[in-house]
Amino acid sequence: MKVLKFGGTSVGTPESIKEVAKIVSGIEGSKIVVLSAMSQTTNMLHKITDFIGASNFDEAIATVDVLIDRYKKVVAELFETENTRNQASAFIEERFDFIKSYAHEGSVPVIEGVEKNIVAQGEILSTNLFTMHMDEINVASSLLSAFDFMRIDAAGEPDSAFITESLGEIIKENPETDLYVTQGYICLNDVGDIDNLKRGGSDYSASLIGAAIQAEEIQIWTDIDGMHNNDPRYVDGTFSLKEISFDEAAELAYFGAKILHPQSVIPAKEKNVPVLLKDTFNPESAGTIICNCEVPSGVRAIAAKDGITVIKIKSYRMLMAYGFLNNIFEIFEKYRTSIDMITTSEVAVSLTIDDNTYLEEITKELEGFGSVEVETEQTIVCLAGDFSQKEKGASASIFNSMTNIPIRMISYGGSNYNVSLVINTENKIEALRALNEGVFEVSVS
Ligand code: ADP
Ligand code: ASP
Ligand code: MG
């Protein structure tokens with residue numbers, strides 16, 4: 001069985017939905033198709049919940065109306081028969097009525113579970129419209145609700161055992177079905193409320209499903225021909241990599257390569273399920289295969305993650321005194337805040353976090369151990385590749401490229417697959433471009 005995930009742009013218009021149907025029909029064997037919401041839908045649903053949260057009901061209704069207009073046009077253009085058009089119109093009306101039921105004075109308050117239910121409507125709409133289209137073109141498919149198998153635990157982590165068991169049962173009960181369609185991104189949490197896998201989470205859904213059913217392959221169909229060697233949003237002339245290892249892909253996804261959700265490589269890697277990145281709008285292009293494969297050494301790709309905060313603790317006593325680092329780490333553990341990067345010197349330790357929810361509390365407690373400096377608006381630039389001993393010259397090319405850009409922290413040697421630099425976010429684009437010029441000349445040869 002294969003898992004095929006299509007992102008927001010891939011299902012963003014009636015034409016692209018028809019294209020997706022063609023791609024799906026052209027792939028042999030049994031499949032689970034995972035769909036995102038149509039592009040911009042999740043953003044608008046978030047806007048709607050923000051307006052409702054601020055009791056700005058007029059704006060909330062106006063935004064719902066913009067969405068309704070868009071979906072009405074989709075229904076008019078996607079479906080051929082009066083019958084399906086009526087069925088689809090009734091469905092979207094029901095979904096938007098549900099959202100509107102929260103958008104007036106005196107309506108049920110939009111607590112977190114309700115907010116997530118509103119945001120979940122994007123994937124519910126896209127999957128229903130898609131299966132209605134499949135019906136119309138006479139391709140049998142079975143719509144699975146992600147709420148029946150996708151679950152996170154109390155810590156917000158996917159409950160892999162539950163996902164594997166539930167999906168296994170569903171598939172066993174339907175031996176004739178060879179095309180399932182389900183929602184990416186959305187799930188239930190440990191208390192049964194509607195939740196989600198965070199923005200861009202449909203990739204994560206696909207990977208979790210692929211790992212749960214031990215799929216033959218996970219295909220992530222998007223609007224670009226695979227993982228590029230640098231961020232195409234900021235750098236010209238980037239190119240698609242034919243093959244990358246799970247480790248490289250995991251580093252790049254975690255450190256900002258938007259093509260993949262930060263955690264999405266891990267389940268596939270754990271079960272050794274290859275992940276193929278493909279372009280919906282250019283299906284002939286090879287894309288990128290992520291696998292347990294041997295890759296050339298040197299820098300292979302660069303990504304950048306914004307929203308980083310650097311915390312520097314200067315010790316009152318000798319830094320490396322027994323237990324000092326442990327005391328510091330315990331504070332982060334207490335506030336469930338993970339550390340991305342760490343560097344030490346004789347008198348100070350600097351570390352980075354990407355979640356400032358408890359920054360004030362953490363800073364206060366750290367002050368018990370030394371003087372604390374906090375810098376926000378930092379960016380981690382991650383260079384992924386094989387930096388094992390045999391590679392020479394990679395680090396020289398990295399630092400030569402950065403001669404005009406101040407570097408705040410450097411991490412080298414934590415693994416063989418990553419060199420990371422912390423810089424001011426305002427220097428990010430310049431750094432990505434400079435590294436692109438300086439690094440790939442050396443490592444491509
Ligand atoms: P989808 O809606 O299909 O999930 P996303 O917008 O989340 O698509 O991801 C695809 C986008 O990721 C591309 O259009 C591209 O701009 C961006 N991107 C950022 N870094 C990379 C990279 N290294 N390689 C390819 N795409 C990247
Ligand atoms: N629709 C969700 C989002 O926009 C999930 C996804 O597209 O992967 O974040
Ligand atoms: Mg995405």
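As the structure lists them, so they are numbered: ligands from 1, and atoms in each ligand from 1. Just so it is clear, the model here is predicted, and its values are computed rather than measured. Each residue takes its place number in the sequence, starting with 1.
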Those residues with a heavy-atom separation under 4.0 Å from ligand 1 are Lys5, Gly7, Gly8, Thr222, Asp223, Ile224, Gly226, Met227, His228, Asn230, Asp231, Pro232, Arg233, Ala257, Lys258, Ile259
Near-ring test Tyr204/His261, centroid separation under 6.0 angstrom: yes
NZ/NE/NH1/NH2 to OD/OE distance under 4.0 Å, Lys72 and Asp65: no
Regarding Arg433 and Asp236, does a basic nitrogen lie under 4.0 Å from an acidic carboxylate oxygen? no
Contacts of type side-chain hydrogen bond (donor to acceptor under 3.5 Å, both in side chains), residue Gln121, not counting sequence neighbours: Arg95, Asn117
Hey, are the side chains of Val119 and Thr42 touching, using non-hydrogen atoms and a 4.5 Å cut-off? yes
Of Val374, Val310, Leu359, which is the lone residue that meets side-chain contact (heavy atoms from CB on, under 4.5 Å) with Ile353? Leu359
Pairs satisfying salt bridge (Lys or Arg N to Asp or Glu O under 4.0 Å), at least one member in residues 403-419, at least two apart: Glu375-Arg408
Is the gap between the ring centers of Phe96 and Tyr71 under 6.0 Å? yes
Mind checking whether Phe130 and His133 have parallel, tilted or perpendicular rings, split at 30° and 60°? tilted
Could you tell me, for ligand 2, which of its N or O atoms are under 3.5 Å from any protein N or O, listing the pairs and their distances rounded to 0.1 Å?
residue, atom, partner, partner atom, Å
ligand 2, 1 (N), Thr42, OG1, 2.7
ligand 2, 1 (N), Glu123, OE2, 2.7
ligand 2, 4 (O), Thr42, OG1, 3.4
ligand 2, 4 (O), Arg199, NH2, 2.9
ligand 2, 7 (O), Ser36, OG, 3.3
ligand 2, 8 (O), Gly200, O, 3.4
ligand 2, 8 (O), Gly201, N, 3.4
ligand 2, 8 (O), Ser202, N, 3.0
ligand 2, 8 (O), Ser202, OG, 3.1
ligand 2, 9 (O), Arg199, NE, 2.7
ligand 2, 9 (O), Arg199, NH2, 3.4
ligand 2, 9 (O), Gly200, N, 2.8

